[in-house]
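Written below as structure tokens is the structure these notes are about.
Position 1 is the first residue of the sequence, and the numbers go up from there.
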Amino acid sequence: MIPSTSWQEALPELLRALGETAWMVGWSFLITAILGIAIGVLLRLWAPDGLAPNRFLYFAVGAVVNIARSLPFLILMIALISFTRIIVGTAYGPTAAVVPLAVGAIPFYARVVEAALREVASGKLEAAQVMGASTWGIVRKVLLPESLPGLVSGATLTLVTLIGYSTMAGVIGGGGVGDFAIRYGYQRFNGPVLVEAVIALIVIVQVVQSVGDWIVRGMGHLRG
């Protein structure tokens with residue numbers, strides 16, 4: 001039988017696991033934010049009521065996004081093992097977990113971005129067009145700035161989702177808090193250590209959500 005570990009003895013391992021979680025979530029969030037915004041902007045531009053409507057590209061890219069969103073993360077992670085090994089040279093560890101985490105979150109955030117851009121008043125877009133602004137000028141100076149609160153709110157939601165996904169990555173060798181909870185809590189029938197991992201995740205999520213909400217409220221006050 002695997003020897004039990006007190007929650008105090010497990011604390012150094014939890015800190016190491018939190019560092020791994022921060023690594024995989026941080027990098028995957030950065031990739032998701034960049035590519036998610038790019039894809040979301042393109043979807044909004046190519047939409048039938050967009051600034052550069054292209055029905056074929058809109059439905060083709062939209063179909064890929066919808067398919068990726070429909071796959072449960074655990075299945076997606078297993079399906080991407082070979083692809084992950086090609087990209088980073090291994091399918092295990094926090095760095096390898098970045099690949100499926102990003103692939104799973106990009107379609108989600110892309111749709112969030114598209115929805116946020118749709119909230120921009122059409123009158124502002126028409127005014128920019130009348131003034132002779134180019135399509136990409138409107139994107140940079142009107143669409144993105146006007147939808148910024150929605151983008152930040154969606155990014156906060158995406159980051160919280162990535163934290164949850166990262167625990168599943170730990171179950172199959174990704175490291176992080178999920179791996180810690182399995183090895184030191186579940187496999188050793190150690191309830192206090194398992195509770196320790198759960199509390200750590202709750203605190204992280206609460207901090208992330210609170211900071212995101214604070215930023216969005218700050219933007220609202222500036223606009224006011």
Quick one, [X] and [Y] - any side-chain contact, counting heavy atoms below 4.5 Å?
{"X": "Leu117", "Y": "Leu144", "value": "yes"}
{"X": "Trp214", "Y": "Arg217", "value": "yes"}
{"X": "Val25", "Y": "Val98", "value": "no"}
{"X": "Leu51", "Y": "Leu143", "value": "yes"}
{"X": "Arg183", "Y": "Val193", "value": "no"}
{"X": "Leu43", "Y": "Val61", "value": "yes"}
{"X": "Glu196", "Y": "Phe180", "value": "yes"}
{"X": "Ile39", "Y": "Val113", "value": "no"}

Grouping I, L, V, M, F, W and Y whenever their side-chain heavy atoms are under 4.5 Å apart, do Val203 and Leu157 come out in a common cluster? yes
Group every Ile, Leu, Val, Met, Phe, Trp and Tyr by side-chain heavy-atom contacts under 4.5 Å, then state whether Leu45 and Val64 land in the same group. no
If you measure from [atom1] on [X] to [atom2] on [Y], what distance do you get to the nearest 0.5 Å?
{"X": "Leu101", "Y": "Met77", "atom1": "CG", "atom2": "CE", "value": "7.5 Å"}
{"X": "Leu18", "Y": "Leu11", "atom1": "CG", "atom2": "CG", "value": "9.0 Å"}
{"X": "Phe73", "Y": "Leu80", "atom1": "CZ", "atom2": "CG", "value": "8.5 Å"}

Where is the tightest heavy-atom contact between [X] and [Y], given as atom of each residue plus distance?
{"X": "Gly212", "Y": "Thr156", "value": "CA-OG1, 3.3 Å"}
{"X": "Ser166", "Y": "Met24", "value": "CB-SD, 3.7 Å"}
{"X": "Ser147", "Y": "Ala116", "value": "CB-O, 3.6 Å"}
{"X": "Leu76", "Y": "Pro100", "value": "CD2-O, 4.2 Å"}
{"X": "Tyr58", "Y": "Trp46", "value": "CB-O, 3.4 Å"}
{"X": "Pro107", "Y": "Val103", "value": "CD-O, 3.0 Å"}

Which pairs count as side-chain hydrogen bond (donor to acceptor under 3.5 Å, both in side chains) when at least one residue sits in residues 100-112, sequence neighbours excluded? Asn66-Arg111, Arg111-Glu114
Could you name each residue pair satisfying side-chain hydrogen bond (donor to acceptor under 3.5 Å, both in side chains) that touches residues 128-144, not counting sequence neighbours? none
Return yes when atom CZ of Phe59 has more than 12 non-hydrogen atoms of other residues, nucleotides or ligands closer than 6.0 Å, and no otherwise. yes
Walk me through whether Val99 and Arg85 qualify under side chain to side chain contact (heavy atoms under 4.5 Å, CB included). CA-CA 10 Å; Val99 176; Arg85 189 176 288 114; over 6 Å; no
Does the [X] side chain pair with the main chain of [Y], one donor and one acceptor, at a distance under 3.5 Å?
{"X": "Ser210", "Y": "Val207", "value": "no"}
{"X": "Thr32", "Y": "Ala105", "value": "no"}
{"X": "Ser153", "Y": "Pro149", "value": "no"}

Would you please test Thr21 and Trp23 for side chain to side chain contact (heavy atoms under 4.5 Å, CB included) and show each step? CA-CA 5 Å; Thr21 295; Trp23 174 268; over 6 Å; no
Residues in side chain to side chain donor-acceptor pair (under 3.5 Å) contact with Trp27, at least two apart in sequence or another chain: none
Are Glu146 and Glu119 close enough, and set up right, to give a side chain to side chain contact (heavy atoms under 4.5 Å, CB included), and what steps lead you there? CA-CA 9 Å; Glu146 290 294 326; Glu119 295 299 318; over 6 Å; no
